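Following: one structure in C-alpha cells, then a few remarks.
Here the structure is a predicted model, which is why all the values come from computation and not from measurement. Whatever order the structure lists them in is the order used to number ligands and atoms, beginning at 1.
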Amino acid sequence: MKTIVVSNRKGGSAKTTTAVNIASGLAQYGSVLLLDLDTQGHASIGVGCEPSEELGVHSIFDGATLSETFIPTVHENLTLSPALIHFDVYEYADLRGILKNRFKREKIADFFDYCIIDTPPTFDALLKNSLEVADSVLIPFVPHHLGVVAVGQMLRALYQSAKSQGRELVNVSILPVMYNPHINEHKESVEKVKVSFGREKLLSPIGVDIKLAQQFESGSPIILADRRSKGMKDYKRCVLELQERL
Ligand SMILES: Nc1ncnc2c1ncn2[C@@H]1O[C@H](COP(=O)(O)OP(=O)(O)OP(=O)(O)O)[C@@H](O)[C@H]1O
Ligand SMILES: [Mg+2]
C-alpha cells in the first residue's frame with residue numbers, strides 16, 4: 001500500500017479537492033482508503049457521505065480500531081473513514097504514533113493499494129500522525145506569493161518532522177492549483193517553486209474549474225461525474241504523474 005498525505009498549512013489551497021479527486025482517480029487502478037483527518041469533514045462530503053458525530057477516523061485516538069470506522073462510498077473501490085466532527089485535538093496531550101500503530105496492528109496495507117489522507121490546515125498532532133505513515137506528501141498550492149511562501153514553510157516542517165522521526169524525507173510532490181496560464185503572477189510563482197524547491201517535485205497544474213467546487217454539492221468526485229470537464233482531465237493527469245512517482 002502506498003500512502004499519500006495531502007497537506008498544506010495554508011487554508012483553502014485545494015487539499016480536500018485534491019484528496020477526493022486523486023482518491024477516486026486511483027480507485028480506477030486499485031482499492032483505495034480515504035482518511036478524512038480534517039474535522040471539517042469536507043472530504044467525507046466530497047465522496048457523498050457525511051462527517052460522523054459518533055464514529056470516525058478520529059475515534060482511533062479514543063481507542064477505536066481504524067477498521068470499525070470504514071464506510072463504503074459511491075465508488076466500489078473507495079472506502080472512507082469519515083471525520084469525527086466534534087473531535088478536539090487539543091484535548092489530548094500526546095497523540096504520536098497512534099495511526100501508525102493502527103496501520104500495523106490491523107494490517108491495513110493488506111487490504112488497500114492506496115491510502116489518501118486529507119489533513120487540516122494546521123501543523124498539529126493529526127498531521128504528525130499522518131506523516132508517520134506517509135510514503136509521499138502532496139502539497140497543493142495556489143500560485144501567489146503567499147502560496148509559494150507556504151510551500152517553503154511546509155517543506156521546512158516536513159524536514160523537521162523527518163528529522164525528529166529519524167527517517168529520510170518522504171517523496172514530496174508540489175501541485176499548482178486554480179492555475180491560470182494567462183495570469184503572469186501564476187506563471188512566475190510556479191517558476192519560483194521550480195527554482196527554489198526543485199523542478200522534479202513539481203506536478204502539472206490544475207486549472208480553475210467551477211465544477212471542482214460544485215462537485216461537493218453532488219457528493220460525486222468530478223473524476224467520476226463529469227468525464228469531459230477540464231478539472232477531470234487535469235486530475236486524471238495528476239493521478240498518472242503521481243503513480244509514476246510512487
Ligand atoms: N481548481 C479549482 N477550481 C475552482 N475552484 C476550486 C478548485 N480547487 C478548489 N476549488 C475550491 O476552492 C475552495 C477551497 O478548496 P478546498 O476546500 O479543497 O481547500 P482546502 O485546502 O481543503 O481548504 P481547508 O484549508 O479549509 O481544508 C473550495 O470552495 C473548492 O471547491
Ligand atoms: Mg480541506
Taking NZ, NE, NH1 and NH2 as the nitrogens, is one of them in Lys230 or Asp234 under 4.0 Å from a carboxylate oxygen of the other?
-> yes

Between His144 and His186, does the ring centroid distance fall short of 6.0 Å?
-> yes

What do the steps show when you test Thr65 against Arg102 for side chain to side chain donor-acceptor pair (under 3.5 Å), and what is the final call?
-> CA-CA 7 Å; Thr65 64; Arg102 292 296 187 279; over 6 Å; no

State, yes or no, whether a side-chain contact exists between Thr17 and Tyr235 at a heavy-atom distance under 4.5 Å.
-> yes

With a cut-off of 2.8 Å, how many protein N, O or S atoms neighbour the Mg ion (ligand 2)?
-> 1

Is any side-chain heavy atom of Ile22 closer than 4.5 Å to a side-chain heavy atom of Ile116?
-> yes

Do Tyr92 and Phe87 have ring centres separated by under 6.0 Å?
-> yes

Is the Phe112 to Phe70 ring centre distance short of 6.0 Å?
-> yes

Should Val6 and Ile117 count as side-chain neighbours, where that means a heavy-atom distance under 4.5 Å?
-> no

Sub-4.0 Å heavy-atom environment of ligand 1, residues by chain | Gly11, Gly12, Ser13, Ala14, Lys15, Thr16, Thr17, Asp38, Gln40, Pro121, Met178, Ile206, Gly207, Val208, Asp209, Leu212, Ala213

Are side-chain heavy atoms of Arg9 and Pro121 found at a separation under 4.5 Å?
-> no

